[in-house]
Amino acid sequence: MIIRMKKSATQDDIRKVEERIQNAGLKASVSCGESLTIIGVIGDVTLLSPGLIEEIPGVESIMRVSKPYKLISKEFNPNPREVRVRGLKIIDGTFTIIAGPCAVESRTQMIESAKIVKEIGCEILRGGAFKPRTSPYDFQGLGEEGLKYLKEAADLTGLPMITEVTGSDKVDLIAEYADILQVGTRNMRSYDLLKQIGKATAGTSKAVLLKRGDNATIDEFLNAAEYIAKEGNENIILCLRGIRTFECAKYVRNTADIGIIPIIKQETGLPVIFDPSHSAGKRDLVLSYSLAAVAAGADGLMVETHYSPETAMCDGKQSLNAKELDQTVRMSRHIFSELSKFKAKC
Ligand code: PEP
Ligand code: MN
């Protein structure tokens, strides 16, 4: 249920609405936009009589939320959602680039990578300490040792850091090190993990980046984000990274799902970023995919980079070297800034 307040509503009116919601054993979520205050009701709304709310003077209207993903929906909260990570604001209208190697391979590799990422002007450092690999014989990551290198590299450069949580047993450990906890495509449907991450990061400054499952529908993807939000953390960044189609493997690793960026943005105010590396699977496609994502309205990118892609232990084929990353970042930002200017004029 959503309660829309009149422009003339006073703080007292808002407080009365909150009180009546709480008296019914439900939770109120107040969001104040520039000209609009909306109060969302969380819980079993049949316990709340609409008449009790309607009679409060500042109430304009009451609506039922039709979406299953309530907390993150635009219906519930039409304002753009700001995700804050160590003073960095990620929100519609800003452009954030996450870059770094697929996997943490060594202390030197991570520190050198972080320096490149920082020098090129990316905002967030990535790196996998625990790697979900298709083959059990492939490099599985350095584990906690990798987290330590990541943290050292992040502290050295002052960049916030993101790394993937591959299982429930790693949530608390990773939350000790990372600013953003990543849920990978394989785990988008691990509902217990989503709940655990939501709970562990609720009320903290940690954000969660959720990747779309490679065969997940838009509704399934948004419901997965709702699992995290429902546990108390709405600091969520959505990340598209391509999906499986008949076209995958030979020419591309995954089919770029750039076309749904505007749909996701119609449905939720959460920031949406695009990962061209895991979509393309090939270095020479990453630039075009990045620019296409910017044009489609992405709020940022997550790009894999390596100081020596040829020798990378994981995803070297799709990793950009420093020069390629620099070009991708510069061109993407240029398109983003021109588009923003153009949109402001229209
Ligand atoms: C990654 O970002 O390192 C990764 C494994 O990506 P995905 O979950 O999209 O495959
Ligand atoms: Mn990778």
Side-chain angles (χ1 to χ4, degrees), residues 96-105 109-110 113 117 122 124-136 138-143 146-147 149-150 161-167 170 174 178-190 193-194 197 207-216 220-221 224-225 228 236-245 248-249 252-258 260 272-283 285-286 289-290 293 298 300-321 324-325:
T96 306
I97 302 184
I98 304 173
C102 179
V104 184
E105 298 167 8
Q109 172 244 15
M110 209 47 240
S113 301
V117 166
C122 305
I124 300 172
L125 179 66
R126 65 152 282 152
F130 296 92
K131 289 306 304 174
R133 303 302 300 275
T134 303
S135 165
D138 285 342
F139 176 57
Q140 305 283 309
L142 295 179
L147 290 177
Y149 300 153
L150 261 170
M161 180 269 275
I162 174 169
T163 195
E164 182 170 348
V165 183
T166 50
K170 300 181 183 75
I174 291 176
D179 302 296
I180 309 175
L181 284 73
Q182 175 173 328
V183 179
T185 196
R186 295 160 184 82
N187 272 318
M188 190 214 80
R189 286 198 183 84
S190 301
L193 178 64
L194 299 175
I197 290 178
V208 181
L209 180 141
L210 175 69
K211 284 192 156 190
R212 181 187 187 187
D214 66 3
N215 66 354
E220 287 166 345
F221 182 38
I228 301 165
I236 304 167
I237 303 162
L238 298 171
C239 179
L240 299 173
R241 45 78 75 206
I243 50 169
R244 286 234 173 154
T245 71
C248 296
V252 289
R253 182 167 172 178
N254 289 286
T255 295
D257 45 354
I258 291 164
I260 71 159
V272 186
I273 68 162
F274 187 70
D275 171 347
S277 309
H278 290 88
S279 295
K282 286 179 188 161
R283 184 176 314 136
L285 296 177
V286 169
Y289 280 29
S290 301
L301 297 170
M302 171 141 93
V303 187
E304 284 187 341
T305 179
H306 198 279
Y307 60 22
S308 160
E310 300 70 29
T311 59
M313 294 169 82
C314 189
D315 286 349
K317 273 202 255 168
Q318 66 195 35
S319 299
L320 303 184
N321 63 29
E324 291 158 342
L325 177 67

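A quick note: this is a predicted structure, and the numbers were derived from the prediction, not measured. Every number for a ligand or one of its atoms is a count from 1 in the order of the listing. In this chain, numbering begins with 1 at the start of the sequence shown.
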Q: Heavy atoms only: give me the nearest Phe274-Ser279 pair and the separation to one decimal.
A: CZ-OG, 3.2 Å

Q | atom 7 (P) of ligand 1: nearest protein contact (heavy atom, Å) | A | Lys211 NZ, 3.5 Å

Q.
Applying the salt bridge (charged side-chain N to carboxylate O under 4.0 Å, His left out) criterion to Asp275, which one of Arg241, Lys211, Arg212, Arg253 satisfies it?
A. Lys211

Q: Write out the residue and atom name of the closest protein heavy atom to atom 4 (C) of ligand 1, then the distance separating them to 0.1 Å.
A: His278 NE2, 3.5 Å

Q.
Please enumerate all residues that pass side chain to side chain donor-acceptor pair (under 3.5 Å) together with Thr134, with sequence neighbours excluded.
A. none

Q) Who's the nearest protein heavy-atom neighbour of atom 5 (C) of ligand 1, and how far? A) Glu164 OE1, 3.5 Å

Q.
When you compare the side chain of Leu125 with that of Met110, does any pair of heavy atoms fall below 4.5 Å?
A. yes

Q.
Distances under 2.8 Å only: what protein N/O/S atoms are near the Mn ion (ligand 2), ordered by chain and residue?
A. Cys102 SG, His278 NE2, Glu304 OE2, Asp315 OD2

Q. Does the side-chain contact (heavy atoms from CB on, under 4.5 Å) test come out yes or no for Val252 and Lys282, once each step is laid out?
A. CA-CA 7 Å; Val252 289; Lys282 286 179 188 161; over 6 Å; no

Q | Basic-acidic side-chain contact under 4.0 Å: Glu304, Arg126 | A | yes

Q.
Quick test: of every protein heavy atom, which one is nearest to atom 8 (O) of ligand 1, and how far off is it to 0.1 Å?
A. Thr185 N, 2.8 Å

Q | Numbering as shown, the atoms of ligand 1 that approach Lys131 to under 4.0 Å (heavy-atom distance) | A | 1 (C), 3 (O), 5 (C)

Q. Any sub-3.5 Å donor-acceptor pair from Glu105's side-chain atoms to Met313's backbone N or O?
A. yes

(Q) Using a 4.0 Å cutoff against the non-hydrogen atoms of Gly184, which atoms of ligand 1 qualify? (A) 8 (O)

Q) Is Asn215 reaching over with its side chain to a backbone N or O of Arg244, donor-acceptor style, under 3.5 angstrom? A) no

**Q.** Donor + acceptor pair across side chains of His306, Asp315 (<3.5 Å)
**A.** no

**Q.** Option whose closest heavy atom lies nearest to atom 10 (O) of ligand 1, chosen from Met302, Arg253, Arg241
**A.** Arg241

Q: Could you tell me which atoms of ligand 1, counted from 1 in the order shown, lie closer than 4.0 angstrom to a heavy atom of Gln182?
A: 1 (C), 2 (O)

**Q.** Close side-chain approach of Gln109 to Val104, heavy-atom, < 4.5 Å
**A.** yes

